[in-house]
Every structure is written in C-alpha cells, then in structure tokens.
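Taking it in order: structure first as structure tokens, then the write-up.
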Amino acid sequence: MMDVVGRNAHILALAQPYLDTRQNDVHVQTSCRFARRLLEQIDADEDIVIPAILLHDLGWKMIPEELQLTAFGPAAQNPELNRKHELESSRLAREILEQVEYDPDKTGEILVIIEGHDSRKVALSVNDQVVKDADKLWRFASEGFYIDCRRFGIPAGDYAEWLDKQIEGWFFTTVGKALAREEIANRKAELGIHRLATQSP
C-alpha cells in the first residue's frame, strides 16, 4: 500500500501537466504549504484537504491564457470563465483520483470542495474551510503577493493595504486569519509600510 506522502506525490505528478499556466505550479505548492500549517492546528481531514489543494485549479488549463486575467482579480469581467475553471478542475480531479484508486467517499467530498472553491461563499465543512483559507493565503505569501502585483499592475503598497482589509471577510478559521495577518505584516515590513498606532473604531 502506498503511504500518504507517496500517494500525494503521485497525485501531484498526474496534476503537473495542468499546472503550467497562470503560475499555478507555484500557487499549488504555496497553498499546500499553508494547508499543512493549518492542519497542524485544525482538526480537519488531511486525506481530503491535501488532494483538494493539489487539484483545485487544474481547470485553468482549459481556459485560453489570453482570457484568464478577465476571469479573476480586480478587473474580472468574465466570472463565467472562473466558474468554468471550477467545473473543469472537478472533472480532471475525478479522473486523477480514479486513476490512483482513491477512496470513493473521500473523492466525493474532494470534488464538491473543488467545484465551489471560488464561487461558493460559504464553507460546507471544516475541510472546506481549510481548503478555502489555504487557497486565499497564497495572495498574502511573498510568492503570490508579488506575482499578483505584477499581473494586475497594482502598486505593492496599495495591494498590501487592500489585502489587509479583506482578512476578516475572507477567512473562515481563526488560524487562517492569524496567518494572513502575519504574512501581510511581513509584506508591509518589506515595503516599509508601518501600521498606524491608532485605528478607526
């Protein structure tokens, strides 16, 4: 029987051909790192969370690269393409999980999480919460933050301030919020931005 690490490595290897767009190879690695940090403090099912993170964005490969930036981000004009990437991600994830003979019950939950990881604004379970938080934390990490600044054409200082304001509304877990605050404080420190000593009530 393949151990968990080997199984996830196999899943990632099968996913790799779909991750060479939108810098999703970096995104998945970063989000997976955060998922593991969240799992250290949150009682969620690693056998659902990690495969969901590894496979959640496969569907971007099915969206022409010249249209991708119209589907997400501050200037998104085609939310239907974002929805398409979720559905395609779920379809491709099913193929990969069936190929590795993954537990059918866990596969079902993984696919439901993937199918609504962006568009569904509520979380269906603690596993879903961890996946959503790990996915969002990418934007706050050094890798994701500077990639987003470049591709969206947003000054880093403005983006840092904007992200800081999203934390309370975006994250589902207290651990996710704490990690986001830690990361955005690091980005602001890098940029020489200092939080005001007093804040509006």
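Remark: the backbone N or O of Glu80 is not paired with any side-chain donor or acceptor of Asn78 at under 3.5 angstrom. Of the possible polar contacts, one joining the Gln166 side chain to the Trp162 backbone as a donor-acceptor pair under 3.5 Å is found.
Residues passing the side-chain contact (heavy atoms from CB on, under 4.5 Å) test with Ala93 are Leu55, Leu111, Ile114, sequence neighbours excluded. Taking the ring pair (Phe, Tyr, Trp, His ring centres under 6.0 Å) definition, one finds that Phe171 meets it with Phe140, sequence neighbours left out. Contacts of Phe152 classified as ring pair (Phe, Tyr, Trp, His ring centres under 6.0 Å), with partners at least two apart in sequence or in another chain: Phe72. Among residues two or more places apart in sequence or in another chain, the salt bridge (Lys or Arg N to Asp or Glu O under 4.0 Å) test is passed with Arg22 by Asp57. Every residue two or more places apart in sequence or in another chain that forms a salt bridge (Lys or Arg N to Asp or Glu O under 4.0 Å) with Lys177 is listed here: Glu168. For Asp25, the salt bridge (Lys or Arg N to Asp or Glu O under 4.0 Å) criterion is met by no residue, not counting sequence neighbours. For Pro104, there are no side-chain contact (heavy atoms from CB on, under 4.5 Å) partners at least two apart in sequence or on another chain. Taking the salt bridge (Lys or Arg N to Asp or Glu O under 4.0 Å) definition, one finds that Asp148 meets it with Arg151, sequence neighbours left out. Under the side chain to side chain donor-acceptor pair (under 3.5 Å) criterion, Thr173 pairs with Asp133, sequence neighbours left out.
Contact detail for Leu12 and Leu19: the closest heavy-atom pair is CD1-CD1, 4.1 Å. The heavy-atom pair separating Pro51 from Ile110 by the smallest distance is CB-CD1, 3.7 Å. For Ile147 against Gln23, the heavy-atom pair with the smallest separation is CG2-OE1, 3.2 Å. The shortest heavy-atom contact between Cys149 and Ala156 is SG-CA, 3.6 Å. Trp138 approaches Ser31 most closely through the heavy-atom pair CB-OG, 3.7 Å.
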Enumerate donor-acceptor pairs with a distance under 3.5 Å from any side-chain N or O in residues 32-44 to protein atoms, sequence neighbours excluded.
{"from": "Arg33", "atom 1": "NH1", "to": "Glu143", "atom 2": "OE2", "distance (Å)": "3.0"}
{"from": "Arg36", "atom 1": "NH1", "to": "Glu46", "atom 2": "OE2", "distance (Å)": "3.1"}

Solution key, residues 118-126 side-chain donor-acceptor pairs under 3.5 Å, sequence neighbours excluded:
{"from": "Ser119", "atom 1": "OG", "to": "Glu86", "atom 2": "OE1", "distance (Å)": "2.7"}
{"from": "Ser119", "atom 1": "OG", "to": "Glu86", "atom 2": "OE2", "distance (Å)": "3.3"}
{"from": "Arg120", "atom 1": "NH1", "to": "Val112", "atom 2": "O", "distance (Å)": "3.3"}
{"from": "Arg120", "atom 1": "NH2", "to": "Val112", "atom 2": "O", "distance (Å)": "3.3"}
{"from": "Arg120", "atom 1": "NH2", "to": "Asp128", "atom 2": "OD2", "distance (Å)": "3.1"}
{"from": "Lys121", "atom 1": "NZ", "to": "Asp118", "atom 2": "O", "distance (Å)": "3.0"}
{"from": "Ser125", "atom 1": "OG", "to": "Glu109", "atom 2": "OE2", "distance (Å)": "3.3"}
{"from": "Ser125", "atom 1": "OG", "to": "Asn127", "atom 2": "N", "distance (Å)": "3.3"}
{"from": "Ser125", "atom 1": "OG", "to": "Asp128", "atom 2": "N", "distance (Å)": "3.1"}

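Taken from CZ in Arg7 to CD in Glu101, the straight-line distance is 12.5 Å, to the nearest 0.5 Å. We find the CG-CD1 distance between Asn8 and Ile11 to be 5.0 Å, quoted to the nearest 0.5 Å. Note that CD1 of Ile50 and CD1 of Ile48 are 11.5 Å apart. Values are rounded to the nearest 0.5 Å. Rounded to the nearest 0.5 angstrom, Lys132 NZ and Leu137 CG are separated by 13.5 Å. Interatomic distance, Glu95 CD to Leu14 CG, rounded to the nearest 0.5 Å: 11.0 Å.
Under the 4.5 Å side-chain heavy-atom criterion for Ile, Leu, Val, Met, Phe, Trp and Tyr, Trp60 and Met62 are members of the same hydrophobic cluster. Note on Val26 and Leu54: separate hydrophobic clusters, where clusters join Ile, Leu, Val, Met, Phe, Trp and Tyr whose side-chain heavy atoms are under 4.5 Å apart, directly or indirectly. Linking Ile, Leu, Val, Met, Phe, Trp and Tyr whenever their side-chain heavy atoms come within less than 4.5 Å leaves Leu97 and Leu87 in two separate clusters. The hydrophobic clustering, which links ILVMFWY residues whose side-chain heavy atoms are closer than 4.5 Å, places Ile113 and Phe172 apart.
Summarising the local packing, OH of Tyr18 is surrounded by 12 or fewer heavy atoms from other residues, nucleotides or ligands at distances under 6.0 Å.
Applying the ring pair (Phe, Tyr, Trp, His ring centres under 6.0 Å) test to residues at least two apart or on different chains, none of the pairs has a partner in residues 92-114.
For the pairing with His56, the side chain to side chain donor-acceptor pair (under 3.5 Å) check across His85, Glu115, His27 returns one residue only, His27.
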Verdict with supporting geometry, Asn186 and Phe145, side-chain contact (heavy atoms from CB on, under 4.5 Å): CA-CA 11 Å; Asn186 290 339; Phe145 179 85; over 6 Å; no

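Contact annotation: the side chain of Trp170 approaches that of Leu163 to within less than 4.5 Å [non-hydrogen atoms, C-beta and beyond]. Contact check for Asp20 versus Lys61: side-chain heavy atoms found under the 4.5 Å cut-off.
For the 3.5 Å distance criterion, the side chains of Glu190 and Tyr146 qualify, holding a donor opposite an acceptor.
The existence of a salt bridge linking Arg187 and Glu183 is confirmed by a sub-4.0 Å separation between a basic side-chain nitrogen and an acidic carboxylate oxygen.
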